[in-house]
Student: 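Please find one structure pasted underneath; my questions will follow.
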Protein chains: 2
Amino acid sequence: MSRRNESAPIDRPTTGRPTLADVAARAAVSTATVSRCLNSPDLVQAETLDRVMTAVRELGYMPNFGARALAAKRTQTIGAIIPTMENAIFATGIQAFQEALRDAGFTLLIASSQYDAAVEEEQIRSLIARGADGLLLIGYHREEAIYQFLERHGIPCVIAWAYDGSIPRPAIGFDNRGCMAELAAEVLRRGHRRLGMISAETAGNDRARERVAGVRQAMREAGLADDALTVVETRYSFENGRKALDALMSRSPRPTAVICGNDVLAVGAIQAARGLGLKVPEDLSITGFDDIELATVVDPPLTTVHVPHRRMGSRAARLLIDLINGEPAEGAVELHPEIRMRGSLGPAPA
Amino acid sequence: MSRRNESAPIDRPTTGRPTLADVAARAAVSTATVSRCLNSPDLVQAETLDRVMTAVRELGYMPNFGARALAAKRTQTIGAIIPTMENAIFATGIQAFQEALRDAGFTLLIASSQYDAAVEEEQIRSLIARGADGLLLIGYHREEAIYQFLERHGIPCVIAWAYDGSIPRPAIGFDNRGCMAELAAEVLRRGHRRLGMISAETAGNDRARERVAGVRQAMREAGLADDALTVVETRYSFENGRKALDALMSRSPRPTAVICGNDVLAVGAIQAARGLGLKVPEDLSITGFDDIELATVVDPPLTTVHVPHRRMGSRAARLLIDLINGEPAEGAVELHPEIRMRGSLGPAPA
DNA sequence: AGACAAGATGTAAGGGCTTACATTGCGTTT
DNA sequence: AAACGCAATGTAAGCCCTTACATCTTGTCT
């Protein structure tokens with residue numbers, strides 16, 4: 001008679017998922033002890049721990065997340081809602097965010113809102129219903145009621161990809177307006193006087209709005225009239241960048257430089273310019289924003305604003321975890337992107 | 001005295017999330033009725049329904065996901081584990097998958113495994129612990145024990161991005177080897193006799209392995225010796241594509257065509273070729289695989305295999321939902337990608 | 001009018017886990 | 001040797017839902 005047979009509990013169910021009770025029975029301890037082995041192993045004697053963990057392994061036991069969340073009122077899960085996963089803009093930052101969370105024992109749940117406020121709201125509810133201990137959201141702009149809702153539920157929330165010192169909310173990001181103004185100033189310094197801008201849709205997107213405002217600000221500072229700028233709004237995609245550039249170039253007089261709200265649009269714009277037989281930057285300068293990997297892959301490489309995505313992601317994680325643990329968090333954090341001068345920006349044609 | 005005050009329950013807790021019981025009290029019904037209003041509204045009288053839904057709204061009630069999962073033993077949630085979110089390869093397909101799921105009332109949970117089998121396994125467990133009703137996995141290759149584990153737990157699972165008629169498992173994908181063989185045949189037809197290949201790491205990646213096998217198959221069929229092909233393995237990224245091309249070109253004799261395991265590597269390769277002063281396709285032909293949007297953005301545009309990502313995603317969703325509902329599912333589905341001939345492939349230099 | 005079916009609602013038993021509190025068994029202290 | 005404190009473990013009360021079953025109302029049929 002093998003010892004293994006002896007120690008197997010009589011009534012071990014052979015069907016369905018094993019539960020804490022099954023493990024407890026097999027290890028001949030109470031469910032409380034099994035729970036402790038799993039959650040705070042230092043409270044339990046080495047020998048007992050060993051016996052329990054063996055049983056866990058033998059049964060292939062896996063705690064039921066729902067039950068655990070119900071009993072413990074926390075889930076070690078945090079949720080992030082990003083506008084889109086279709087392009088690389090958020091990928092790097094979120095990746096870093098996830099890595100930092102994992103190091104701290106948290107799991108990340110990601111949802112994408114397609115830049116739609118109603119979808120975002122639904123997803124906030126869904127993530128909270130799923131027991132998210134905290135949330136990462138992109139940009140400040142959303143209905144006040146949502147913030148109140150989060151507050152009422154005691155769900156900490158960090159804003160990323162935007163920074164506004166005047167808003168007292170945990171955030172990590174950068175001054176979209178200021179960065180874009182800086183870049184636009186560089187463009188103007190090169191003699192460009194008629195500008196085009198391809199922006200993301202500004203409705204419900206404060207980052208896009210701020211970037212447009214940044215260009216206008218630089219223009220005012222350079223003494224240019226508002227009508228020296230033509231703005232086209234479109235959704236992020238190569239294809240839309242192409243179309244938008246065609247639209248800008250069909251106007252007269254043509255702009256000599258086109259500032260794009262992000263790199264994806266800028267790459268589309270470069271391609272369209274090539275299609276029109278325009279040389280970049282000799283005939284037309286084009287700039288981007290974000291500095292995704294693609295920016296150095298196109299020809300000519302893109303002059304753009306380098307956003308420190310990885311740093312933003314990992315600090316967002318730290319910020320959020322501090323908030324969840326009730327530790328003193330550092331409030332809003334401002335990062336300082338730098339302009340990367342590359343081949344797509346040149347002097348205005350004579 | 002306002003009616004509102006009258007109808008408010010005495011002991012309505014003012015703190016924390018409202019529960020079913022709070023709603024029930026406020027609407028003066030039992031918790032069972034509230035539950036029915038939420039889950040099968042047609043079982044309940046219109047007037048009662050109205051009263052309950054009003055209470056739900058007034059309290060901002062939101063069911064607790066964990067409790068619901070515990071009680072109902074299903075979650076209307078399905079999980080997907082993809083190798084990476086860093087590039088666009090899976091983005092489109094997953095997007096379509098998610099949309100189809102949403103239409104059917106399911107929520108998608110996404111995890112990324114970084115092409116690491118151990119991470120994938122951990123994530124499978126985590127998704128199941130979270131109560132996923134079904135799973136989407138990429139490619140067939142993983143330990144048999146994992147499939148048994150899923151079976152034991154009764155979790156339906158669909159494989160995507162790969163199709164192998166000889167494996168009796170619900171799947172939707174395409175014949176990676178066959179498609180690549182077809183493309184390679186086109187390359188050979190143009191007179192190329194010394195080939196290079198930049199592949200993803202083949203360890204634990206059956207799609208990558210199959211694609212390499214496809215190239216070899218085409219070569220054998222054309223009567224070429226195995227050593228006419230040099231393969232470099234690397235992880236997916238522009239940067240790695242660049243380095244790999246440099247490596248291939250430092251050999252002698254140089255290949256006249258480089259077949260890449262996917263479009264991201266191919267774009268990197270094109271860029272590196274430009275850096276070496278090589279003209280594509282006059283001096284060197286380069287091909288990709290996937291036909292992501294980027295393929296038409298580079299210069300020259302990429303000859304590649306067009307994978308119908310959206311179709312694959314939405315049919316994967318249907319397949320999985322059928323399995324979950326115990327309906328007769330259609331087993332493995334084979335899609336037929338087409339080769340897209342573009343500028344990056346030309347005749348072998350004289 | 002009485003019997004009965006069908007529809008609407010209520011009652012209460014779990015579902016798997018965590019954790020406050022109770023119990024047990026030691027080694028120490030005096 | 002009695003008293004005590006502490007470490008290790010057990011007991012059992014929830015956490016918030018869903019749902020089988022019981023109960024109560026109506027309306028219909030004969």
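Both backbone and side-chain heavy atoms feed into the values below; hydrogens, waters and symmetry mates do not. Protein chains get the first letters and strands the later ones, always in sequence-line order, with residue 1 at the start of each.
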Student: I need the minimum non-hydrogen distance between B:W161 and B:I138, along with the two atoms involved.
Tutor: CE3-CD1, 3.4 Å
Student: Going through the checks in order, is the side-chain contact (heavy atoms from CB on, under 4.5 Å) test met by B:I89 and B:I82?
Tutor: CA-CA 10 Å; B:I89 297 175; B:I82 59 179; over 6 Å; no
Student: Which atom names give the shortest non-hydrogen contact between A:P41 and A:N39, and what distance separates them?
Tutor: CD-C, 3.6 Å
Student: Rounded at 0.5 Å granularity, tell me how far CZ in B:R68 sits from CG in B:L38.
Tutor: 6.0 Å
Student: Separation of A:R17 atom CZ from C:dC17 atom C1', in whole Å?
Tutor: 12 Å
Student: Starting from C1' on C:dT19, measure out to CG on A:L38 and report it in whole angstrom.
Tutor: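 Distance, rounded to whole Å: 15 Å.
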Student: Of all of residues 126-135 of chain B, which get a heavy atom below 4.0 angstrom from DNA chain C, listed by number?
Tutor: none
Student: Scan for side-chain hydrogen bond (donor to acceptor under 3.5 Å, both in side chains) pairs involving residues 114-124 of chain A, sequence neighbours excluded, and state none if there are none.
Tutor: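 Found A:S112-A:Q114, A:Q114-B:Q95, A:E120-A:R142.
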Student: Please list, chain by chain and in numerical order, all residues satisfying ring-ring contact (aromatic ring centres under 6.0 Å, His included) with A:Y140, sequence neighbours excluded.
Tutor: none
Student: What's the CG-C1' distance between A:N64 and C:dT18, to the nearest Å?
Tutor: 13 Å
Student: Could you state the NZ-P distance from A:K73 to D:dC15, rounded to the nearest angstrom?
Tutor: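 Value for this atom pair: 6 Å.
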Student: Collect all protein-nucleotide pairs involving nucleotides 7-11 of chain C in which both atoms are nitrogen or oxygen and the distance is under 3.5 Å.
Tutor:
{"from": "C:dA8", "atom 1": "O3'", "to": "B:Q45", "atom 2": "OE1", "distance (Å)": "3.1"}
{"from": "C:dT9", "atom 1": "OP1", "to": "B:Q45", "atom 2": "OE1", "distance (Å)": "3.2"}
{"from": "C:dT9", "atom 1": "OP1", "to": "B:T48", "atom 2": "OG1", "distance (Å)": "2.4"}
{"from": "C:dT9", "atom 1": "OP2", "to": "B:Q45", "atom 2": "N", "distance (Å)": "3.0"}
{"from": "C:dG10", "atom 1": "OP2", "to": "B:S30", "atom 2": "N", "distance (Å)": "2.8"}
{"from": "C:dG10", "atom 1": "OP2", "to": "B:S30", "atom 2": "OG", "distance (Å)": "3.0"}
{"from": "C:dG10", "atom 1": "OP2", "to": "B:T33", "atom 2": "OG1", "distance (Å)": "2.6"}
{"from": "C:dG10", "atom 1": "N7", "to": "B:R36", "atom 2": "NH2", "distance (Å)": "2.8"}
{"from": "C:dG10", "atom 1": "O6", "to": "B:R36", "atom 2": "NH1", "distance (Å)": "3.3"}

Student: Supply the atom-to-atom distance A:I155 CD1 to A:L150 CG, rounded to the nearest 0.5 angstrom.
Tutor: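 A:I155 CD1 to A:L150 CG: 7.0 Å, rounded to 0.5 Å.
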Student: To 10°, what angle do the rotation axes through the five end pairs on each side of the helix from C:dA1-D:dT30 to C:dT30-D:dA1 form?
Tutor: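 Axis-to-axis angle, ends of the helix: 50°.
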Student: Quick one: which protein N/O atoms are closer than 3.5 Å to N/O atoms of nucleotides 22-26 of chain D? Pair and distance per line, please.
Tutor:
none

Student: Figure out the CZ/C1' separation between B:R68 and D:dT19, and round it to whole Å.
Tutor: 13 Å
Student: Please give, in whole Å, the distance from D:dC15 P to A:L70 CG?
Tutor: 9 Å
Student: Inspect the surroundings of CD in B:E47 and state if more than 12 heavy atoms from other residues, nucleotides or ligands are less than 6.0 Å away.
Tutor: no
Student: Would you say D:dT19 has OP1 or OP2 under 4.0 Å from some side-chain N or O of B:R74?
Tutor: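 Checking B:R74 against D:dT19: at least one side-chain N or O falls below 4.0 Å of OP1 or OP2.
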Student: Any side-chain N or O of A:N39 below 4.0 angstrom from OP1/OP2 of C:dT18?
Tutor: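 Looking at the OP1 and OP2 atoms of C:dT18, one of them is under 4.0 Å from a side-chain N or O of A:N39.
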Student: Examine A:R130 relative to A:F65 and say whether NZ or CZ is less than 6.0 Å from the centre of the six-membered ring and inside a 45° cone about the ring axis.
Tutor: no
Student: Distance check, rounded to the nearest 0.5 Å: A:C157 atom SG versus A:L320 atom CG?
Tutor: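 If I round to the nearest 0.5 Å, the distance is 8.0 Å.
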Student: So, A:D133 side chain and A:I78 main chain: donor-acceptor pair closer than 3.5 Å or not?
Tutor: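 Side chain of A:D133 to backbone of A:I78: no pair is present.
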Student: Could you tell me whether the phosphate oxygens of D:dC16, OP1 or OP2, come under 4.0 Å of any side-chain nitrogen or oxygen in B:T19?
Tutor: no
Student: B:H153 has an atom NE2; how far is it from atom P of C:dG16, in whole Å?
Tutor: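 From B:H153 NE2 to C:dG16 P: 13 Å.
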Student: Nearest heavy-atom pair of B:A67 and A:L70: which atoms, and what distance?
Tutor: CB-CD1, 3.7 Å
Student: NA contact type, B:Y61, heavy-atom cut-off 4.0 Å: base, sugar-phosphate, or nothing?
Tutor: sugar-phosphate
Student: Got a donor-acceptor contact below 3.5 angstrom from the B:S35 side chain to the B:T31 backbone?
Tutor: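 No, the answer is negative, given that no donor and acceptor are paired below the 3.5 Å cut-off.
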